[in-house]
Structures are given as structure tokens and as C-alpha cells.
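Everything on this sheet refers to the single structure shown next.
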Amino acid sequence: MVPPPGSRSSPSSTRRLRAALAAAPAWLILCLAGCNCDGNTLCKAFNSAATSSTSTAGSAAGIWTGTDSATNLELTGYIDANGQADFIRSDGVQFTGTAQVSGTTVNISLSGYTQYGYEFSDGSAFGTGTFSGTVASGSTLSGSVDFTTADDTTIDGSWSLTFDSLYDTASSLDAISGTYTDNLAAVTDGVDPLNATSLTISSDGVLYAQGSADGCVANGTVTVVSASADVYQVSYTLANCTGSDAVLNGVDFSGLAELNTDASPQALVLAVTGTSSSGAYYSIASELSGS
């Protein structure tokens, strides 16, 4: 029985209403959601259920900049439209994972890598942890980080980041194609095996780099994730490395890239991680300048 105007629906009737909403045709839901209920409890309940059924979670996608409180170092985070995340600290350490968003809550299971040739203070080069925080889409991303290195050193802190509007720059393979030179500017600790290389990206996304001092050659691809966002996916494999860098031969690296067209010349950041067949973890952050 439909309750009289102004009466309160019981929990069981609310459940029935939600079930009816799920079975109702789309045109009926749209009508009810757009109608003036004029105090009719049934109409209001349908309206409320329709509104709640179409609510969406916030988005953590963006380019984020701020500070890591544990080290007071600058931090730049990239999160693409699929939730793939890579945070680069100014010492080259990378924290990667997949952002899980529920409402305004964000959780990321982190894998942490030091830049190739660099180590955490306890001598390890890898660790795991979590980021738990909140996001205001297109505005702020903040929360706590609980991280433990492979040698069981705990490094806890917090990240406070703000959205960089560069993320809203349209992306395409035509835009990112060109020739770049690695100038090592993005890394202050560790080694960049692509240092001094000439790196080219073709209009169909093929990546090739050669000319490093240790002979390393990179072959890979660049992919557009979202045409409206300035975060690309990148992958490459190293070969021909000599000396101590020979351990990188055959390692498949993958991660994210950003093209900064505001810089003059435009700058390309590549942030990738990989694991060797022997189980060793590697991370390479590179910043390159366009020609």
C-alpha cells in the first residue's frame, strides 16, 4: 500500500523501492528523477534512489606536486586515467602502484625503487608500503605513507600534493614524437643509463635510444592513455650495455611519461621500473630535452 503523503517509508518499503528501481525501465527512472514530487513519499524515494545509483567516486588522475615529509624532498606524482600511479622523489626514488578510489578516499599499495645505482640508507634498493589518503579531484591529494625497505627499515611520513594543470594538456603520438637528448636533470642520486643518448619517438609510438657512454640501446613504445591528459604509458628494453651496466641487458622496463610543452625546449620525463630474470629490482627516472 502506498503511504499517505508526508508519512515515513519503512526500511522494508525502501528496500522494495530500490528493487523496483533496479527493474524499472530507464525512461521511467529519468521521468521520476526529473519530476516535482510535491510531497509524495514514493516519488521522493524513487528520486533519492535514482540519485544515489548514479553517484560516482572522485578521481585521483592527474599530475601532482608537493613534498615527502619523511625526507623533505620534492615529489611529483603521475596517475593516469586507469589508476596507474608513479611518484618520483627528487632523489630519483620511485613509488609505483594502482590507485583505488572510493568516494574521496584513496589507497595505493606501493612498490618503492631507488634510482639505478643508488640505495636506501640500509643498503637495500626496494621496498613495499601503502599510501592512504583523500583526494579532491583536480585539486589536492594528501595522506600518510607507511613504507618498509627490503632490509626491514621503516620509513613513514606523509604526502601533501596539489594538482598541476599540465595534466589537462591534450596528448597524442604526434605531439610526443620527435628527438630528445637525456640531460640527467631529473636525477640527483644514482645513475641514468640513458644519459647522453639521443632518443627518438616516431609518430606511431616507437621509441629508440642510443649513444650512451656505456653503449646502452633502448627499444620500446609510447602509448596514449587518454587524449585529454598529459600522461603517457611507456615501455622499453635495454640491450648492449657494457661494464657494470651489463646487468640491465634484457630487462623490460615500464612506467609513465610526461611531456612538458610549457618548457623551452619541451621536456620529456620517463619514469620506469623493471625486474631482471634473477629477481633484482631496477628503477630509472630520466628527463630529456627536445631538439
Side-chain angles (χ1 to χ4, degrees), residues 18 22 49 51-71 73-89 92-114 120 126-150 152 154-169 171 222-235 252-258 269-275 281-283 285:
R18 291 184 182 277
T51 302
S52 63
S53 69
T54 58
S55 63
T56 57
S59 173
I63 297 174
W64 304 92
T65 60
T67 305
D68 169 35
S69 72
T71 58
L73 294 176
E74 293 181 358
L75 189 72
T76 301
Y78 304 103
I79 302 179
D80 72 14
N82 298 324
Q84 183 175 341
D86 195 327
F87 296 86
I88 312 172
R89 216 165 58 189
V93 172
Q94 291 186 52
F95 300 91
T96 67
T98 301
Q100 304 290 336
V101 181
S102 176
T104 60
T105 300
V106 182
N107 290 287
I108 308 174
S109 294
L110 298 173
S111 296
Y113 307 74
T114 61
F120 291 115
F126 180 76
T128 58
T130 59
F131 170 83
S132 302
T134 58
V135 62
S137 300
S139 180
T140 58
L141 175 66
S142 60
S144 60
V145 178
D146 299 313
F147 183 78
T148 304
T149 70
D152 209 30
T154 299
I155 306 174
D156 295 338
S158 61
W159 294 347
S160 181
L161 310 171
T162 57
F163 184 82
D164 188 331
S165 60
L166 182 64
Y167 178 78
D168 292 328
T169 303
S171 63
V222 175
T223 305
V224 173
V225 182
S226 170
S228 62
D230 187 31
V231 175
Y232 299 76
Q233 290 189 345
V234 60
S235 62
D252 295 325
F253 289 92
S254 63
L256 300 175
E258 168 217 327
V269 175
L270 305 178
V272 296
T273 61
T275 307
Y281 298 99
Y282 297 110
S283 166

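In what follows, every heavy atom counts, from backbone to side chain, and hydrogens, waters and symmetry copies are set aside. Keep in mind that this is a model prediction, so the values were computed, not measured.
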Minimum heavy-atom distance between [X] and [Y], given as atom pair plus value:
X: Ala85; Y: Ile108; result: CB-CD1, 4.4 Å
X: Gln94; Y: Ala285; result: NE2-N, 3.7 Å
X: Ser226; Y: Ser171; result: O-OG, 2.8 Å
X: Tyr113; Y: Tyr282; result: CD2-O, 3.7 Å
X: Ala60; Y: Val101; result: CB-CG2, 3.9 Å
X: Gly255; Y: Val272; result: N-CG1, 3.8 Å

Do any N or O atoms from the side chain of [X] and from the backbone of [Y] form a donor-acceptor pair under 3.5 angstrom?
X: Ser158; Y: Ser69; result: no
X: Ser132; Y: Gly143; result: no
X: Ser137; Y: Ser59; result: yes

Would you say the rings of Phe95 and Phe147 are close, in the sense that their centroids are separated by under 6.0 Å?
yes

[atom1] of [X] to [atom2] of [Y]: how many Å apart, nearest 0.5 Å?
X: Tyr232; Y: Asp230; atom1: OH; atom2: CG; answer: 5.5 Å
X: Gln233; Y: Asp80; atom1: CD; atom2: CG; answer: 5.0 Å
X: Thr275; Y: Phe253; atom1: OG1; atom2: CZ; answer: 9.0 Å
X: Phe163; Y: Thr140; atom1: CZ; atom2: OG1; answer: 11.5 Å
X: Ile88; Y: Leu75; atom1: CD1; atom2: CG; answer: 9.0 Å
X: Thr65; Y: Leu161; atom1: OG1; atom2: CG; answer: 7.0 Å

Can you classify the ring geometry of Phe87 versus Trp159 as parallel (below 30°), tilted (30 to 60°) or perpendicular (above 60°)?
tilted

So, do [X] and [Y] sit near enough that their side-chain heavy atoms are less than 4.5 Å apart?
X: Val93; Y: Phe120; value: yes
X: Ser142; Y: Thr134; value: yes
X: Gln84; Y: Val225; value: no
X: Leu141; Y: Phe131; value: yes

Once salt bridge (Lys or Arg N to Asp or Glu O under 4.0 Å) is applied, do any residues pair with Asp68, and if so which ones, sequence neighbours excluded?
Arg89

Apply side-chain contact (heavy atoms from CB on, under 4.5 Å) to residues Trp64 and Thr76 and explain how you reach the verdict.
CA-CA 6 Å; Trp64 304 92; Thr76 301; over 6 Å; no

Can you tell me if Asp86 and Thr96 form a side-chain donor-acceptor pair at under 3.5 Å?
no

Under the ring pair (Phe, Tyr, Trp, His ring centres under 6.0 Å) test, which residues partner Tyr78, sequence neighbours left out?
none

Apply side-chain contact (heavy atoms from CB on, under 4.5 Å) to Val231 and Ile63, showing your working.
CA-CA 8 Å; Val231 175; Ile63 297 174; 4.0 Å; yes

